[in-house]
Amino acid sequence: MTTPSQSTAAATPSSQKSIQTRTHKLLLINGVNLNLLGKREPEIYGHTTLADIEKHLITRAAQYNIELICIQSNHEGQMVDNIQHYGLLADTAAQVDAIIINPAAFTHTSVAIRDALLATQKPFIEVHLSNVHAREPFRHHSYLSDIAVGIICGLGQIGYQMALDYWLDNLYSINISD
């Protein structure tokens, strides 16, 4: 239930301004060893390369005038730096509206990445190519899942497109039925 002051605030120009100030930029960040996709354990991760996934997603986003910024790093600190930069520290026009992240093995170890995501206050979706819950027990815990908008795991590369489509529909109100 909203109070009169809440409903008044919801109708003010400042709330309309936040909708208008969207940058139409999304950040796709991939963690450790994902640069090896297509070569590393194809029985688990498939034969498609990260470059192939990124190319497909960039093209799909561009169809709707959304810029997808793609970053992969094997270094936790570099991932934190990129999340901070695109989520909070860059000029407002260069900041992203939301994030798609496959932290890979950092999922199970990185409080630093969690804290960076929290600091940006940008919504994010956690994506995993494999079903982490059907793998080794140490992969069952994520430091990010409880703060993510959603988690997509076990669906291979289509999980990335599902995350992108979610943002297109729910963040930008774009009808993606194609």
Side-chain angles (χ1 to χ4, degrees), residues 15-16 18-38 40 42 44-73 79 82-88 90 92-107 110 113-114 116-118 120-135 139 142-178:
S15 66
Q16 292 172 354
S18 68
I19 292 170
Q20 294 170 351
T21 58
R22 295 218 188 277
T23 61
H24 292 83
K25 297 175 194 278
L26 296 171
L27 177 62
L28 171 62
I29 190 158
N30 282 283
V32 65
N33 294 319
L34 289 171
N35 58 309
L36 299 177
L37 285 180
R40 173 188 175 219
I44 295 174
Y45 301 109
H47 295 280
T48 304
T49 67
L50 183 59
D52 293 335
I53 292 169
E54 290 174 345
K55 181 179 176 185
H56 170 74
L57 295 173
I58 289 168
T59 300
R60 182 162 180 81
Q63 291 173 335
Y64 302 102
N65 297 313
I66 305 297
E67 179 184 351
L68 185 67
I69 301 164
C70 300
I71 295 168
Q72 186 280 324
S73 181
M79 290 177 65
N82 284 311
I83 292 166
Q84 289 177 354
H85 175 75
Y86 288 105
L88 189 62
T92 303
Q95 290 181 21
V96 296
D97 298 319
I99 299 169
I100 301 167
I101 184 169
N102 182 343
F106 292 133
T107 303
S110 185
I113 291 172
R114 175 192 175 90
L117 289 164
L118 284 170
T120 68
Q121 298 184 5
K122 301 294 182 181
F124 71 92
I125 297 174
E126 180 181 345
V127 175
H128 298 282
L129 293 160
S130 68
N131 181 351
V132 293
H133 302 289
R135 298 185 62 196
R139 295 188 195 275
S142 167
Y143 279 96
L144 308 180
S145 295
D146 66 315
I147 60 170
V149 170
I151 302 101
I152 303 168
C153 69
L155 301 179
Q157 66 186 9
I158 196 167
Y160 287 103
Q161 182 172 322
M162 293 171 72
L164 174 60
D165 288 353
Y166 177 86
W167 291 133
L168 293 173
D169 184 32
N170 292 282
L171 186 62
Y172 301 113
S173 302
I174 295 171
N175 182 358
I176 55 170
S177 57
D178 55 13

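Values below: all heavy atoms of this structure, side chains included; hydrogens, waters and symmetry mates excluded.
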* If you look only at pairs with a residue in residues 146-164, which of them pass as a salt bridge (charged side-chain N to carboxylate O under 4.0 Å, His left out), with sequence neighbours excluded? -> R114-D146
* Asked: Between L50, L57, D52, which is the residue that forms a side-chain contact (heavy atoms from CB on, under 4.5 Å) with E54?
  -> L50
* In this structure, are over 12 heavy atoms from other groups packed under 6.0 Å from L118 atom CG? -> yes
Could you pull out the closest heavy-atom pair between [X] and [Y], with the gap in Å?
X    : Y    : value
G31  : A104 : C-CB, 4.1 Å
L88  : Q95  : O-NE2, 3.0 Å
C153 : N131 : SG-OD1, 3.9 Å
P42  : H47  : CB-CE1, 3.4 Å
I152 : A163 : CD1-N, 3.7 Å

Determine yes or no for a side-chain-to-main-chain donor-acceptor pair under 3.5 angstrom, with [X] supplying the side chain and [Y] the backbone.
X    : Y    : answer
N170 : Y166 : yes
Q72  : I29  : no
S110 : T107 : no
D97  : H24  : yes
T49  : G38  : no

Less than 4.5 Å apart, side chain to side chain, heavy atoms only: is that true for [X] and [Y]?
X    : Y    : result
S142 : I151 : no
I83  : L117 : yes
R60  : L68  : no
L129 : L34  : yes
W167 : I125 : yes
Q157 : H56  : no
Y160 : N30  : yes

* Y143: partners by ring pair (Phe, Tyr, Trp, His ring centres under 6.0 Å), with sequence neighbours left out -> H141
* Could you tell me which residues satisfy ring pair (Phe, Tyr, Trp, His ring centres under 6.0 Å) with Y86, sequence neighbours excluded, listed by chain and number? => none
* Do E126 and S145 meet the criterion of a side-chain donor-acceptor pair at a distance under 3.5 Å? -> yes
